[in-house]
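What follows is a single structure, written as structure tokens, with notes after it.
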Amino acid sequence: QVQLVESGGGSVQAGGSLRLSCAASGYTASSNCMAWFRQAPGKEREGVALISRRGSTTYADSVKGRFTISKDNAKNTLYLQMNSLKPEDTNMYYCAARFPCESWVGFRTTEYNYWGQGTQVTVSS
């Protein structure tokens, strides 16, 4: 059974930082595309950042220069370092994975076959 478990969410003031973690089990992170998505109430889930099995990264324009996605293959854990947080970053954040990783994988939710339960991030102004 493949499982993804997020942690590290919470409340922070604008300009602050948070570091999200996603612990994976049942497979190795090095063999997958992994990504962070976020979703606000009443809105569609949107891609934030993704990392390929080789470590190449892609970011949504809204978070470029502020967020950094990384993974520790030895620990089978995905991370999202979020700096300079803004109120509009307030969302439920989800860890996602796809196996096998393909070159065409992007930010479409249907491209991912494993999802975490989500962790709430709230940024106050």
Side-chain angles (χ1 to χ4, degrees):
Q1 182 73 30
V2 175
Q3 292 186 346
L4 302 174
V5 181
E6 302 101 331
S7 62
S11 298
V12 65
Q13 293 186 4
S17 298
L18 285 173
R19 183 177 176 85
L20 306 183
S21 298
C22 172
S25 63
Y27 70 101
T28 57
S30 62
S31 300
N32 295 274
C33 292
M34 300 194 74
W36 289 98
F37 286 75
R38 63 188 185 184
Q39 185 174 27
K43 297 185 180 295
E44 293 187 351
R45 191 168 298 184
E46 63 175 358
V48 176
L50 70 85
I51 187 166
S52 74
R53 59 185 175 85
R54 294 183 178 180
S56 298
T57 58
T58 302
Y59 297 93
D61 289 341
S62 60
V63 306
K64 286 181 179 178
R66 300 189 297 121
F67 291 10
T68 303
I69 187 172
S70 63
K71 60 180 179 180
D72 186 330
N73 290 332
K75 295 182 178 180
N76 220 24
T77 301
L78 179 74
Y79 302 97
L80 184 67
Q81 178 66 47
M82 305 185 293
N83 298 326
S84 301
L85 284 162
K86 304 175 181 179
E88 51 262 45
D89 293 320
T90 295
N91 277 293
M92 184 74 76
Y93 284 72
Y94 298 89
C95 174
R98 174 190 169 85
F99 179 84
C101 186
E102 304 286 354
S103 62
W104 47 263
V105 171
F107 285 137
R108 299 179 183 88
T109 59
T110 55
E111 295 172 348
Y112 295 83
N113 38 26
Y114 302 107
W115 294 87
Q117 81 289 347
T119 185
Q120 179 67 41
V121 171
T122 302
V123 184
S124 60
S125 61

Please say yes or no: joined through hydrophobic side-chain contacts below 4.5 Å, possibly via intermediate residues, are [X] and [Y] part of one cluster?
| X | Y | answer |
| --- | --- | --- |
| Leu4 | Met92 | no |
| Val105 | Met34 | no |
| Met82 | Tyr79 | no |

Original post:
Under 3.5 Å, is there a donor-acceptor pair between the side chain of Lys71 and the main chain of Ser52?
Top reply: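 At least one qualifying donor-acceptor pair exists.
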
So, taking the atom named [atom1] in [X] and the one named [atom2] in [Y], what distance separates them when rounded to the nearest 0.5 Å?
| X | Y | atom1 | atom2 | value |
| --- | --- | --- | --- | --- |
| Ser103 | Arg54 | OG | CZ | 9.5 Å |
| Ser124 | Gln13 | OG | CD | 5.0 Å |
| Ser17 | Arg66 | OG | CZ | 10.0 Å |
| Tyr94 | Phe37 | OH | CZ | 12.0 Å |
| Ser11 | Leu18 | OG | CG | 8.5 Å |
| Ser25 | Asn76 | OG | CG | 8.0 Å |

Within the 4.5 Å heavy-atom criterion, are [X] and [Y] side-chain neighbours or not?
| X | Y | value |
| --- | --- | --- |
| Thr57 | Leu50 | no |
| Val2 | Asn113 | no |
| Arg38 | Val63 | yes |
| Trp36 | Leu78 | yes |
| Val121 | Thr90 | no |
| Arg19 | Ser7 | no |
| Gln81 | Ser70 | no |
| Glu111 | Trp104 | yes |

**OP:** List the steps and the verdict of side-chain contact (heavy atoms from CB on, under 4.5 Å) for Arg53 and Asn32.
**Re:** CA-CA 5 Å; Arg53 59 185 175 85; Asn32 295 274; over 6 Å; no

Subject >> Derivation of the side-chain contact (heavy atoms from CB on, under 4.5 Å) call for Thr68 and Leu80 >> reply: CA-CA 6 Å; Thr68 303; Leu80 184 67; over 6 Å; no

**OP:** Determine, step by step, whether Glu44 and Gln39 satisfy the side-chain hydrogen bond (donor to acceptor under 3.5 Å, both in side chains) criterion, reporting the C-alpha distance in whole Å, the side-chain angles of both residues, the deciding distance to 0.1 Å, and the verdict.
**Re:** CA-CA 6 Å; Glu44 293 187 351; Gln39 185 174 27; over 6 Å; no

**OP:** Just do the side-chain contact (heavy atoms from CB on, under 4.5 Å) check on Val12 and Thr122 with the steps written out, would you?
**Re:** CA-CA 6 Å; Val12 65; Thr122 302; over 6 Å; no

Original post:
How are the rings of Phe67 and Tyr93 set relative to one another: parallel (under 30°), tilted (30 to 60°) or perpendicular (over 60°)?
Top reply: tilted

Which pair of non-hydrogen atoms, one from [X] and one from [Y], has the smallest distance, and what is that distance?
| X | Y | result |
| --- | --- | --- |
| Lys64 | Asp61 | NZ-OD1, 3.0 Å |
| Ala60 | Gly47 | CB-O, 3.5 Å |
| Ser125 | Pro87 | CB-CG, 3.8 Å |

Original post:
So, Arg98 and Tyr112: side-chain donor and acceptor under 3.5 Å apart, yes or no?
Top reply: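 On atom types as modelled, these side chains do not qualify, holding no pair under 3.5 Å.
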
Original post:
Distance only, no hydrogens: is a donor on one side chain within 3.5 Å (strictly under) of an acceptor on the other, for Asp72 and Thr77?
Top reply: no

Original post:
Does Lys86 come within less than 4.0 Å of Asp89, counting only side-chain N to carboxylate O?
Top reply: no

**OP:** Would you sort out whether Phe107 and Glu46 count as a side-chain contact (heavy atoms from CB on, under 4.5 Å), showing the intermediate values?
**Re:** CA-CA 7 Å; Phe107 285 137; Glu46 63 175 358; over 6 Å; no

